[in-house]
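Reviewing the structure listed below.
Fair warning: this is a prediction, and the values are worked out from it, not measured in the lab. In what follows, residues are counted from 1 in the order of the sequence shown.
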Amino acid sequence: MTPQDIILVGAPVDSGKDRKGCIMGPDAYRTAQLAETLADLGHRTVDIGNIAPDENDIPDHNHLIALPQTVGWTTALNRAAQDAADRGMPIFMGGDHALALGTVTGLAAHAARENRPLFVLWLDAHSDFHTPLSTQSGNLHGTPVAYFTGQYGFDDFPAVPNPVPTENICMIGLRSVDPAEHAALANTDMSLADMRAIDEGGIRAPLTEFLKKVVAANGLLHVSLDVDFLDPDIAPGVGTTVPGGATLREAHLVMELLHDSGRVTSLDLVELNPFLDDRGRTASLMVDLTASLMGRRVFDRPTRSF
């Protein structure tokens, strides 16, 4: 395993939805010893602390929740992602999934400078393909994929000069997709694997097929891991629980296959709500999954007691 320069970026984004608690996510990952775990695997790891949102003069919106704050996070995290990607492998410790509005657009700018395509693996129960025009809840954590692929309706957000082509996106673990998102996804060429497809054919097949595309294009690969990708029985610390998610072994297999590919260049860890967790169980699991992504072998896993 080749040691990597890993930059941990705290992104305590808590503006993407009504239910609060994700602001505590970065410190929960620190408490669960994410940095120490990665260092023990031989990686050079630095935690640069928490990013703060930019100030702006965007007015509050009568439907979209915390619009000015989310735009402020988007611009700040866009810069932070570009800076971190120039220095190593960024891991963004969230924070709700609205952080991907900034992280992915920043990583896309970095990829454009490298003259390489950016691919995105979206591990989530939800597609997050709403726009500000289609969301009924007003929760902007349900909009990042639409934003970074250049869809319409984001008038208050910065323009996206390097949209990620939908053909470069794979979503695995879907099981809660609104009708408007379903209709919009049908007009794209994303790779989609819902939980029925995984039940029938396993989780390896769609991931392996996607990784072949990344390798063929010599692409950079960003992984966005939402806690609700996992079944709530093993990961209760999330405000958007959907039964029937990935099992412990399925999740670790995904991470092990990603490590074997050698293609992952950045990672989001999102939607951890420590207020809803059980004695740090979810935070510890997310750290364990990150360790699998970064080279921990099956036989090397520690025994945990909860």
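Although no hydrogens or angles enter the test, the distance criterion places no donor-acceptor pair under 3.5 Å between the side chain of Thr135 and the main chain of Pro132. Formation of a donor-acceptor pair under 3.5 Å by the Glu209 side chain with backbone atoms of Pro206 is not found in this model. Side-chain N or O atoms of Thr143 include one that pairs as donor or acceptor with a backbone N or O of Leu140 at under 3.5 Å. Using a distance-only test at 3.5 Å, with no hydrogens or angles considered, no donor-acceptor pair links the side chain of Asn218 to the main chain of Arg116. Formation of a donor-acceptor pair under 3.5 Å by the Lys213 side chain with backbone atoms of Glu167 is found in this model. A donor-acceptor pair under 3.5 Å links the side-chain atoms of Asp14 to the main chain of Gly21, judged by distance alone. Asp178 places no side-chain N or O within donor-acceptor distance of the main-chain N or O of Ala180, the cut-off being under 3.5 Å. In this structure a side-chain-to-backbone donor-acceptor pair under 3.5 Å is present from Asn56 to Pro68. A donor-acceptor contact shorter than 3.5 Å is absent between the side chain of Thr131 and the backbone of Gly153. With hydrogens and angles ignored, the 3.5 Å screen pairs a side-chain donor or acceptor of His43 with a backbone N or O of Met294.
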Side-chain donor-acceptor distances from residues 226-240 under 3.5 Å, at least two apart:
| residue | atom | partner | partner atom | Å |
| --- | --- | --- | --- | --- |
| Asp226 | OD1 | Asp228 | N | 2.8 |
| Asp226 | OD2 | His97 | ND1 | 3.1 |
| Asp228 | OD1 | Ala125 | N | 3.0 |
| Asp228 | OD2 | His126 | ND1 | 3.1 |
| Asp228 | OD2 | Thr240 | OG1 | 2.7 |
| Asp231 | OD1 | Asp233 | N | 2.9 |
| Asp231 | OD2 | Gly244 | N | 3.0 |
| Asp231 | OD2 | Gly245 | N | 3.0 |

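Under a cut-off of 6.0 angstrom, the local environment of CD in Glu55 is sparse, with at most 12 non-hydrogen atoms contributed by other residues, nucleotides or ligands. The neighbour count for Arg204 CZ, taken as heavy atoms of other residues, nucleotides or ligands under 6.0 Å away, does not exceed 12.
Here the side chains of Val215 and Arg263 are in contact, with some heavy-atom distance below 4.5 Å. Within the 4.5 Å cutoff, side-chain heavy atoms of Val177 are placed close to those of Leu185. Counting heavy atoms from C-beta on, the side chains of Asp156 and Leu67 come closer than 4.5 Å. Here the side chains of Leu221 and Leu211 are in contact, with some heavy-atom distance below 4.5 Å. Within the 4.5 Å cutoff, the side chain of Leu192 has heavy atoms near those of the Leu174 side chain. You'll find the side chain of Ser266 reaches within 4.5 Å of the side chain of His222, heavy atoms only. In this structure, the side chains of Thr282 and Leu272 come closer than 4.5 Å at one or more pairs of heavy atoms. Residues His182 and Phe129 form no side-chain contact, since every pair of their non-hydrogen atoms from C-beta on lies 4.5 Å or further apart.
We find the CH2-CD1 distance between Trp73 and Ile51 to be 7.5 Å, quoted to the nearest 0.5 Å. With values rounded to the nearest 0.5 angstrom, Ser224 atom OG is found 6.5 Å from Leu99 atom CG. The structure places OG1 of Thr265 at 9.0 Å from CD of Gln4, a figure rounded to the nearest 0.5 Å. Remark: Leu8 CG to Ile91 CD1 distance equals 5.5 Å, nearest 0.5 Å. Taking OG1 of Thr70 as the start and CG of Leu64 as the end, the distance is 9.0 Å to the nearest 0.5 Å. Atom CG of Leu38 sits about 11.5 Å away from atom CD of Gln33, to the nearest 0.5 Å.
Every residue two or more places apart in sequence or in another chain was checked for a side-chain hydrogen bond (donor to acceptor under 3.5 Å, both in side chains) with Arg175, and none qualifies.
Shortest non-hydrogen contact noted between Ser137 and Ile65 is O-CD1, 3.8 Å. Closest of all the heavy-atom pairs between Leu118 and Ala111 is CB-CB, 4.0 Å. The two residues Gln69 and Pro53 make their nearest non-hydrogen contact at O-CB, 4.2 Å. The two atoms that bring Asn162 and Ala108 nearest to each other are O-CB, 3.3 Å, heavy atoms only. Residues Ala52 and Ala76 approach most closely at O-CB, 3.3 Å, considering heavy atoms.
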| field | Stepwise side chain to side chain contact (heavy atoms under 4.5 Å, CB included) test for Leu257 and Leu253 | value | CA-CA 6 Å; Leu257 291 171; Leu253 178 59; 3.9 Å; yes
| Yes or no on side-chain hydrogen bond (donor to acceptor under 3.5 Å, both in side chains) for His252 and Ser292, after CA distance, side-chain angles and deciding distance? | CA-CA 7 Å; His252 274 294; Ser292 287; 2.8 Å; yes
| request: Please test Met255 against Asp288 for side chain to side chain contact (heavy atoms under 4.5 Å, CB included), starting from the C-alpha separation and ending with a verdict. | output: CA-CA 10 Å; Met255 295 299 146; Asp288 285 346; over 6 Å; no
| request: Go through Glu271 and His141 one step at a time and tell me if the side-chain hydrogen bond (donor to acceptor under 3.5 Å, both in side chains) criterion holds. | output: CA-CA 9 Å; Glu271 295 289 351; His141 72 165; 2.8 Å; yes
| request: Could you check Ile172 against Ile203 for side chain to side chain contact (heavy atoms under 4.5 Å, CB included), going step by step and ending with a plain yes or no? | output: CA-CA 8 Å; Ile172 296 179; Ile203 207 162; 4.0 Å; yes
| message | Go through it in stages, so that I can follow the logic: the residues are Phe157 and Thr74, the test is side chain to side chain contact (heavy atoms under 4.5 Å, CB included), and I'd like the CA-CA distance, side-chain angles, deciding distance and then a yes or no. | response | CA-CA 8 Å; Phe157 286 81; Thr74 299; 3.7 Å; yes
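Using a cut-off of 4.0 Å between Lys/Arg side-chain N and Asp/Glu carboxylate O, Glu256 and Arg249 are scored as salt-bridged. The pair Asp5-Arg87 does not count as a salt bridge, with every side-chain nitrogen at least 4.0 angstrom from each carboxylate oxygen. Here Asp199 does not pair with Arg196 in a salt bridge; the nearest charged N to carboxylate O distance is not below 4.0 Å. Ion pairing of Arg79 with Asp83 is absent here, as no side-chain N (NZ or NE/NH1/NH2) approaches a carboxylate O to less than 4.0 Å. For Arg113 and Asp86, the salt-bridge test passes: some basic side-chain N is under 4.0 Å from an acidic carboxylate O. For the pair Lys17 and Asp96, the salt-bridge criterion is met [side-chain N within less than 4.0 Å of a carboxylate O].
A tilted orientation is assigned to the rings of Tyr147 and Phe154, their planes being inclined by 30° to 60°.
Shown are Thr188, Thr149, Asp189; of these, the side-chain hydrogen bond (donor to acceptor under 3.5 Å, both in side chains) with Thr166 is made only by Asp189. Each of Thr290, Asp268, Leu258, Leu269 was scored for a side chain to side chain contact (heavy atoms under 4.5 Å, CB included) with Val223, with one residue passing: Leu258. With Met171 as the partner, the side chain to side chain contact (heavy atoms under 4.5 Å, CB included) test is satisfied by one option alone out of Val145, Asp124, Asp194: Val145.
By the 4.5 Å side-chain criterion applied to Ile, Leu, Val, Met, Phe, Trp and Tyr, Phe275 is assigned to a cluster that also includes Ile23, Met24, Leu276.
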